[in-house]
Amino acid sequence: MDLKLTDWVFKGGVILSSGTTGKPKKIDQSINKITAANKVAVKCQNITSDSRIYTVCKTEHAGGLLAQTLPGYTVGAHIDIEPFNAYTFNSKINDYTHTHLTPAHCRALMGTKNFWKLDLSNIWVTVGSDPVGWDIIETFVKQGATFMANWGMSEVGPTAINTVFRNMDDVAYYQEHAIPDATILGDNFYCEWDIVDGKFFVSGDICVYSGWLNTHDDVVVNSQGTLYYKGRK
């Protein structure tokens, strides 16, 4: 790991938001928030010193830097960072144990012939940054991956709320109880959350703010306690 990134780990730093609802914002990341978020990411994704992480998301944003890269660094995992290319990804992914993708990356991979020949049985695939559709979840689980549908923000997380699908029985269970016209956020919670007057709030050690943060997400909960995303207000 280069010195610049090492300094970022130990001193805290600034990361850009995704900019999905406007121009990307600079979000200050304190060392306390980074430390708490790293511990959560390591735990919920089973990252160890034996893990091999393939980072293809931009490290200027939470998905590339905070989801797996920094957490892996803290436990001594092997990490390779390079720009996403669907054909390169297909040829290299079986050398790794973990990767983080966006839904757009997933659809690009699903559009290549070689993807359908891959055996992802020993690979943990975390997908977030944008809503994760059932077609993506089904496809990657059928290819053998352990698949995490993940919600997080530059301000909180990045692995704040998620669901892990290990087989098609898991997929079928969640689909049976899914909320129409909504995408799954998850039922594993690593932050406090509340829905007040239709507004989704989060708080906790993995948040950059000390109080409650209004995410401006339209979130609903089903009878099983799983959160679903319906859009951003």
Side-chain angles (χ1 to χ4, degrees), residues 15-27 29 33 37 40-41 44 57-58 60-67 84 100-111 125-141 147-165 170-204 206-209 211-233:
I15 198 166
L16 294 176
S17 69
S18 65
T20 54
T21 57
K23 185 178 180 180
K25 305 181 298 293
K26 292 183 177 180
I27 309 296
Q29 306 281 322
K33 183 268 184 183
V40 166
C44 71
C57 293
K58 294 180 180 179
E60 294 90 348
H61 299 292
L65 186 61
L66 304 181
F84 175 77
H100 179 281
L101 300 170
T102 68
H105 290 154
C106 293
R107 296 193 189 283
L109 292 169
M110 292 160 61
V125 179
T126 295
V127 179
S129 299
D130 281 313
V132 184
W134 286 113
D135 60 327
I136 292 174
I137 297 171
E138 289 180 10
T139 295
F140 277 77
V141 173
F147 188 98
M148 173 186 278
N150 177 68
W151 179 90
M153 301 173 66
S154 300
E155 296 91 339
V156 58
T159 50
I161 300 172
N162 53 67
T163 292
V164 178
F165 301 87
D170 289 345
V171 177
Y173 170 80
Y174 284 96
Q175 284 183 320
E176 179 183 355
H177 301 289
I179 293 177
D181 301 319
T183 53
I184 191 167
L185 285 191
D187 55 2
N188 298 316
F189 308 113
Y190 297 93
C191 63
E192 300 296 322
W193 64 271
D194 199 3
I195 300 174
V196 180
D197 296 329
K199 300 176 181 178
F200 187 57
F201 291 82
V202 295
S203 70
I206 63 172
C207 184
V208 297
Y209 305 114
W212 287 90
L213 168 68
N214 182 358
T215 68
H216 299 286
D217 289 339
D218 183 3
V219 174
V220 292
V221 57
N222 71 5
S223 58
Q224 282 69 41
T226 304
L227 297 180
Y228 284 80
Y229 173 83
K230 301 192 73 173
R232 179 157 291 181
K233 298 179 178 179

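Residues take their numbers from the sequence shown, with the count starting at 1.
Under the side chain to side chain contact (heavy atoms under 4.5 Å, CB included) criterion, Asp170 pairs with Phe165, Arg166, Asn167, sequence neighbours left out. Taking the ring-ring contact (aromatic ring centres under 6.0 Å, His included) definition, one finds that Tyr190 meets it with nothing, sequence neighbours left out. Here Tyr173 pairs with His177 under the ring-ring contact (aromatic ring centres under 6.0 Å, His included) rule; sequence neighbours left out.
Closest approach of Met148 and Cys44 over heavy atoms only: CE-O, 3.4 Å. When all heavy atoms are compared, the tightest approach of Gly128 to Pro103 is O-CD, 3.1 Å. The two residues Tyr228 and Ala182 come nearest to each other via the heavy atoms CB-CB, 3.8 Å.
When side chains are defined from C-beta on, Lys33 counts as touching Leu66, because their heavy atoms get closer than 4.5 Å. The side-chain heavy atoms of Val127 and Thr102, taken from C-beta on, include no pair separated by under 4.5 Å. Counting only heavy atoms from C-beta outward, the side chains of Trp151 and Val202 approach each other to under 4.5 Å. Side-chain atoms of Ile136 and Arg107, non-hydrogen and from C-beta on, do get closer than 4.5 Å to each other. Looking only at side-chain heavy atoms (C-beta outward), Tyr174 and Thr226 come within less than 4.5 Å of each other.
For the residue pair Thr159 and Asn150, no side-chain donor N or O sits within less than 3.5 Å of a side-chain acceptor on the partner.
You'll find the ring centres of Trp212 and Phe200 outside the 6.0 Å limit.
Checked by atom type and distance alone, the side chain of Asn188 pairs as donor or acceptor with a backbone atom of Asn162 at under 3.5 Å.
The pair Lys199-Asp217 fails the salt-bridge criterion, with no side-chain N (NZ, NE, NH1 or NH2) lying under 4.0 Å from an Asp/Glu carboxylate O.
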